[in-house]
Amino acid sequence: MADELTHLTATRLLDFDGPAIAGLIHDRGWEDLSRHNQIGAAYDFVRNEIAFGYNRADDIPASEVLADGYGQCNTKGTLLMALLRGLGVRCRLHGFTIHKALQRGVVPELVYPLAPAEILHSWVEVETENGWINLEGFILDATFLASLQQEFSATDDLCGYGTGTECLSAPPVEWVGEDTFIQKTGIAKDFGIFDTPDAFYLSHSQDFGTVRNWLYRHLIRHWMNARVRAIRRGDVPRMPGVALPNYSHGDTNHAA
């Protein structure tokens, strides 16, 4: 029993026992769904109703991610885990780093050299009737991904713009009861499995240093979020080292 409860408990980051997340689960009527559909409902909500974007830090509570309305791999993962546990679905975290090249195009070229060679990454593992499933495909919302698919329709292999996949035209991002991925090809280092995001961030953190941490929180992430919004509108910036977007609208002056 203790082992089962390990992957169901609330924590500081997985604050599903608070009114925001508990209220969301109740208002959506997710408690009445089958287990498969509960996972799918939580997954689809985090994937598409929480837009891709950059929060102030990785180790923020799920309720803050929900209030922000946007997130990246780590923060959207925390929210997904909180929703799953709030529904009584066992889940855990798998920690990694990714090569920083995966973020190029979203990170402005002016500050790209300041980024560390490897960036903290994670995905969610959820227990289903068929065993543990890896969930990573929730990171990019459908509109953002569709914009990349349109601009890079000539290739299936893309590492950049928050994407790391060899099947861009049809990546495994929909919940069908199987693994989902969208950044898998960017994996650099595997830290293993953690019961909670709290435990993960106690032993691993993205420390840029005092000055760069301040710049990220107060300037760079807002710049990155502006670029994400531009990409979502179809305005994909140029990125050195990657084939240029199609620029199907004839505009060669994409966001810098």
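Atoms considered below: every heavy atom in the structure, side chains included; atoms not considered: hydrogens, waters and symmetry mates. Everything numeric here is computed off the predicted structure, so don't read it as measured data.
- Annotation: cation-pi pair Arg28/Phe45 absent, no NZ/CZ under 6.0 Å from the ring centroid and within 45° of its normal.
- Looking at heavy atoms from C-beta onward, Val46 lies in side-chain contact with Leu83 at the 4.5 angstrom threshold.
- Nearest heavy atoms, Gly105 versus Met239: N-SD, 3.4 Å.
- Rounded to the nearest 0.5 angstrom, Leu80 CG and Arg85 CZ are separated by 11.0 Å.
- Listed for the Gln38 side chain is a donor-acceptor partner under 3.5 Å among the backbone atoms of Trp30.
- Partner of Glu136 under the side chain to side chain contact (heavy atoms under 4.5 Å, CB included) criterion, chosen from His121, Lys76, Glu125: His121.
- Within the 4.5 Å cutoff, the side chain of Leu14 has no heavy atoms near those of the Ile21 side chain.
- Pro197 places a side-chain heavy atom less than 4.5 Å from the side chain of Met81.
- Looking at Arg217, its side chain never comes within 3.5 Å of a backbone N or O of Asn213 through a donor-acceptor pair.
- Annotation: His26, atom NE2; neighbour count of heavy atoms from other residues, nucleotides and ligands within 6.0 Å does not exceed 12.
- Put simply, the side chain of Ser122 never gets that close to the backbone of Gly95: no donor and acceptor are under 3.5 Å apart.
- Stacking of Lys189 on the aromatic ring of Phe96 is not recorded, the 6.0 Å distance cut-off and the 45° axial limit not both being met.
- Under the 4.0 Å criterion applied to side-chain N and carboxylate O atoms, Glu109 and Arg104 are assigned as salt-bridge partners.
- Side chain of Arg92 to backbone of Val124: no donor-acceptor contact under 3.5 angstrom is found.
- A heavy-atom distance below 4.5 Å is not found between the side chains of Arg90 and Val126.
- At distances below 3.5 Å, not a single donor-acceptor pair connects side-chain atoms of Ser147 with backbone N or O atoms of Thr143.
- A donor-acceptor pair is defined here as one N or O able to donate and one able to accept, closer than 3.5 Å; such a pair exists between the side chain of Asp190 and the backbone of Gly192.
- With salt bridges taken as basic N to acidic carboxylate O contacts below 4.0 Å, one links Asp141 and Arg232.
- Side-chain contact between Asn134 and Thr180: absent, with no pair of heavy atoms (C-beta onward) separated by less than 4.5 Å.
- Within the 4.5 Å cutoff, side-chain heavy atoms of Phe191 are placed close to those of Phe200.
- Taking the six-membered ring for Trp and the full ring otherwise, the centers of Phe152 and Tyr161 sit less than 6.0 Å from each other.
- In this structure, the side chains of Ile220 and Tyr54 stay at 4.5 Å or more apart for every pair of heavy atoms.
- No option in Thr196, Leu202, Asp195 other than Thr196 meets the side chain to side chain contact (heavy atoms under 4.5 Å, CB included) test with Asp198.
- For the residue pair Asp58 and Gln72, a side-chain donor N or O sits within less than 3.5 Å of a side-chain acceptor on the partner.
- Pairs of residues two or more places apart, or lying in two chains, that qualify as side chain to side chain donor-acceptor pair (under 3.5 Å) and include a residue from residues 13-24 are Asp15-Ser63.
- Going from atom CG of Leu13 over to atom OG1 of Thr78 covers 5.5 Å, rounded to the nearest 0.5 Å.
- Here Ile182 contributes atom CD1 and Ile139 contributes atom CD1; the two are 8.0 Å apart, rounded to the nearest 0.5 Å.
- With hydrogens and angles disregarded, a donor-acceptor distance shorter than 3.5 Å links the side chain of Asn48 to the backbone of Ala142.
- Aromatic ring orientation, Tyr43 versus Trp175: tilted (interplanar angle from 30° to 60°).
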Just do the side chain to side chain contact (heavy atoms under 4.5 Å, CB included) check on Val111 and Tyr216 with the steps written out, would you? CA-CA 10 Å; Val111 297; Tyr216 172 78; over 6 Å; no
Assess the residue pair Trp123 and Phe181 against the criterion (ring-ring contact (aromatic ring centres under 6.0 Å, His included)); give the C-alpha distance rounded to whole Å, side-chain angles, the decisive distance to 0.1 Å, and a yes or no. CA-CA 9 Å; Trp123 67 52; Phe181 296 109; 5.0 Å; yes
Just do the side chain to side chain contact (heavy atoms under 4.5 Å, CB included) check on Glu127 and Val89 with the steps written out, would you? CA-CA 7 Å; Glu127 187 178 47; Val89 180; 5.8 Å; no
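- Separation of atoms CD1 (Ile231) and CZ (Phe144) is listed at 4.0 Å; rounding is to 0.5 Å.
- Taking CD1 of Ile187 as the reference point, atom NE2 of His94 lies at 8.0 Å (rounded to 0.5 Å).
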Listed pairs under 3.5 Å, donor-acceptor, residues 164-174 side chains, sequence neighbours left out:
from, atom 1, to, atom 2, distance (Å)
Thr165, OG1, Cys167, N, 3.0
Ser169, OG, Asp156, OD1, 2.8
Ser169, OG, Asp156, OD2, 3.3
Glu174, OE2, Arg47, NH1, 3.2

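- Aromatic ring centroids of Trp132 and His7 lie under 6.0 Å apart.
- Nearest heavy atom pair, residue Cys73 against residue Gln183, reads CB-OE1, 4.2 Å.
- By the 4.5 Å heavy-atom criterion applied to side chains, Asp27 and Leu24 are not counted as neighbours.
- The two residues Val65 and Thr75 have their closest heavy-atom pair at CG2-O, 3.6 Å.
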Checking side chain to side chain donor-acceptor pair (under 3.5 Å) for the pair Ser34/Asn37: CA distance, chi angles, key distance, verdict? CA-CA 5 Å; Ser34 68; Asn37 288 335; 3.3 Å; yes
